[in-house]
Amino acid sequence: MLDIQNLVKVFYPGTVNETHAINGITLHINKGDVVSLIGSNGSGKSTLFNLISGTFPLTSGRITLDGKDITHQKEYKRAMDIGRVFQDPTKGTAANMSIEDNMIISSKKGMRWPKFSLYKKGVRERFNDMLKEISLDGRLKDNVGLLSGGQRQALTLLMTVMSEPKILLLDEHTAALDPPASDNIMKMTEEIIKERNLTAMMITHNMKFAIEFGNRLIMMDKGRVILDITGEEKRTMTVDKLVELFKHKSNKEFDEDNALLTN
Ligand SMILES: Nc1ncnc2c1ncn2[C@@H]1O[C@H](COP(=O)(O)OP(=O)(O)O)[C@@H](O)[C@H]1O
Ligand SMILES: [Mg+2]
């Protein structure tokens, strides 16, 4: 599905600010994989997503999606196949527009929905049915600005999957929410992924979420993949074991910065 070969990213090469963010990642994500991605601050998680999405050019390496080489494809073109949700709940939706208008815009993205007029029978009902999934049914005419952060993140998630992306990338999309809202969005995320058989990768600094989520867990450190587990090994993982593995694989003590991982 998503194939990443020898990926390297150096920011500001040859300057005093030279940063080696990604140091040779080779990774194959299978169709249907649901991956949690963890790693301490600055380990390169967001940069990996930015390279997959084409936000920045890569330094070297190759990325193919569904057999198609997208290494140098423009970001806006990849956006048809790659859905992204960020940490900030205000980023994915337009506050001064209704839920319905926000959904119309995202349903046009990717052109996977046939050309339609909203007045065509059934579209509004379909939108409202989808909103049931996130408990916002009956609110099509409400302005998005009226929603809580958690509700906005749920709507962003729903809008992102409407265009049927080949892969969904979630970058700490619950981190800005309070714990109950965060738990709630995590549950919705799992349901939405399962319902649509999506392939997804989710960055989280919460080890508990990382262990509970999906079928595969990847840990990064210093721009490399240091752990990649699935199956029984993932199912029997615990936070304590994960902390031990982090120490062992990164040759680092689990310091204050890394403690972020257990939140
Ligand atoms: N746009 C950028 N310009 C320069 N350096 C960057 C940029 N984005 C990330 N970096 C650097 O790359 C490294 C990895 O960052 P990032 O991918 O954001 O880590 P993570 O998401 O794991 O916390 C860090 O050293 C960071 O400072
Ligand atoms: Mg990040």
Side-chain angles (χ1 to χ4, degrees), residues 21 34-53 55-56 75 79 82-99 101-103 105-106 109 130-131 133-136 139 142-163 165 167-194 198 200-214 217-221 239 242 246 255-263:
V34 179
V35 181
S36 48
L37 181 58
I38 56 171
S40 46
N41 262 339
S43 59
K45 305 178 299 296
S46 296
T47 303
L48 177 64
F49 278 12
N50 284 327
L51 296 178
I52 295 170
S53 310
T55 310
F56 307 129
E75 182 176 25
I82 300 172
R84 283 188 92 174
V85 182
F86 298 90
Q87 187 170 332
D88 186 346
T90 65
K91 287 270 160 71
T93 45
N96 54 356
M97 281 168 46
S98 66
I99 293 179
D101 287 344
N102 271 276
M103 289 177 85
I105 289 171
S106 45
K109 187 191 152 195
M130 287 179 163
L131 287 173
E133 274 185 281
I134 57 169
S135 308
L136 284 176
R139 298 193 57 182
D142 283 359
N143 254 21
V144 164
L146 295 169
L147 304 180
S148 69
Q151 288 172 323
R152 271 183 89 160
Q153 241 5 16
L155 182 61
T156 300
L157 190 62
L158 192 66
M159 284 165 45
T160 306
V161 301
M162 276 173 78
S163 59
I167 187 163
L168 175 66
L169 303 178
L170 308 166
D171 192 344
E172 302 207 40
H173 69 306
T174 72
L177 307 173
D178 58 52
S182 174
D183 283 347
N184 200 16
I185 298 298
M186 275 301 302
K187 280 198 203 87
M188 282 176 186
T189 305
E190 285 177 319
E191 280 164 17
I192 284 173
I193 289 172
K194 205 167 168 199
L198 293 173
M201 296 178 80
M202 178 185 80
I203 296 174
T204 177
H205 60 245
N206 184 313
M207 282 202 181
K208 202 172 135 280
F209 284 167
I211 290 167
E212 288 166 0
F213 182 83
L217 186 153
I218 291 175
M219 189 189 273
M220 282 178 64
D221 187 54
V239 171
L242 212 46
F246 177 83
D255 62 20
E256 232 166 77
D257 190 27
N258 304 322
L260 266 176
L261 287 166
T262 51
N263 285 350

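It should be emphasised that the depicted structure is a prediction, and the values quoted were computed from it without experimental measurement.
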Is any side-chain heavy atom of [X] closer than 4.5 Å to a side-chain heavy atom of [Y]?
X: Phe209; Y: Asp183; result: yes
X: Leu37; Y: Phe213; result: no
X: Arg84; Y: Thr55; result: yes
X: Ser53; Y: Ile82; result: yes
X: Asn184; Y: Met188; result: yes
X: Ile99; Y: Leu147; result: yes
X: Ile134; Y: Gln151; result: no
X: Gln153; Y: Thr174; result: no

Apply side-chain hydrogen bond (donor to acceptor under 3.5 Å, both in side chains) to residues Glu172 and His205 and explain how you reach the verdict. CA-CA 7 Å; Glu172 302 207 40; His205 60 245; 2.6 Å; yes

Does [X] use its side chain to pair, donor to acceptor, with the backbone of [Y] at less than 3.5 Å?
X: Ser182; Y: Asp178; value: no
X: Asp101; Y: Met97; value: no
X: Lys91; Y: Phe86; value: no

Under 3.5 Å, is there a donor on one side chain and an acceptor on the other for Asn206 and Thr204?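 Side-chain D/A pair, Asn206 to Thr204: absent.
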
Does the side chain of Ser46 pick up a donor-acceptor pair with the side chain of Asp171 at under 3.5 Å?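 Yes, because at least one side-chain N or O of Ser46 sits under 3.5 Å from a partner of the opposite role on Asp171.
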
Just how far is it from atom [atom1] of [X] to atom [atom2] of [Y], taken to the nearest 0.5 Å?
X: Ser106; Y: Met162; atom1: OG; atom2: CE; value: 4.5 Å
X: Thr160; Y: Ile192; atom1: OG1; atom2: CD1; value: 9.0 Å
X: Leu169; Y: Leu48; atom1: CG; atom2: CG; value: 8.5 Å
X: Glu190; Y: Lys187; atom1: CD; atom2: NZ; value: 9.0 Å

Take His173 and Thr189 through the test side-chain contact (heavy atoms from CB on, under 4.5 Å) and record every step on the way to the result. CA-CA 10 Å; His173 69 306; Thr189 305; 3.0 Å; yes

Are Met103 and Leu131 close enough, and set up right, to give a side-chain contact (heavy atoms from CB on, under 4.5 Å), and what steps lead you there? CA-CA 10 Å; Met103 289 177 85; Leu131 287 173; 3.9 Å; yes

So, are Lys208 and Glu212 salt-bridged, with charged N and O less than 4.0 Å apart?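 Answer for the salt bridge query: yes.
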
Considering the options Leu168, Leu170, Ile167, which one meets the side-chain contact (heavy atoms from CB on, under 4.5 Å) requirement together with Met201?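 So the option named by the test is Ile167.
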
What are the two closest non-hydrogen atoms of Leu177 and Gly150, and how far apart are they?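 Minimum heavy-atom contact is CD2-N, 3.6 Å.
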
Audit row: Ser98, Asn143, side-chain hydrogen bond (donor to acceptor under 3.5 Å, both in side chains) steps and yes/no: CA-CA 4 Å; Ser98 66; Asn143 254 21; 5.6 Å; no

Salt bridge (Lys or Arg N to Asp or Glu O under 4.0 Å) partners of residues 142-153, not counting sequence neighbours, each pair once: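 Qualifying pairs, neighbours excluded: Arg139-Asp142.
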
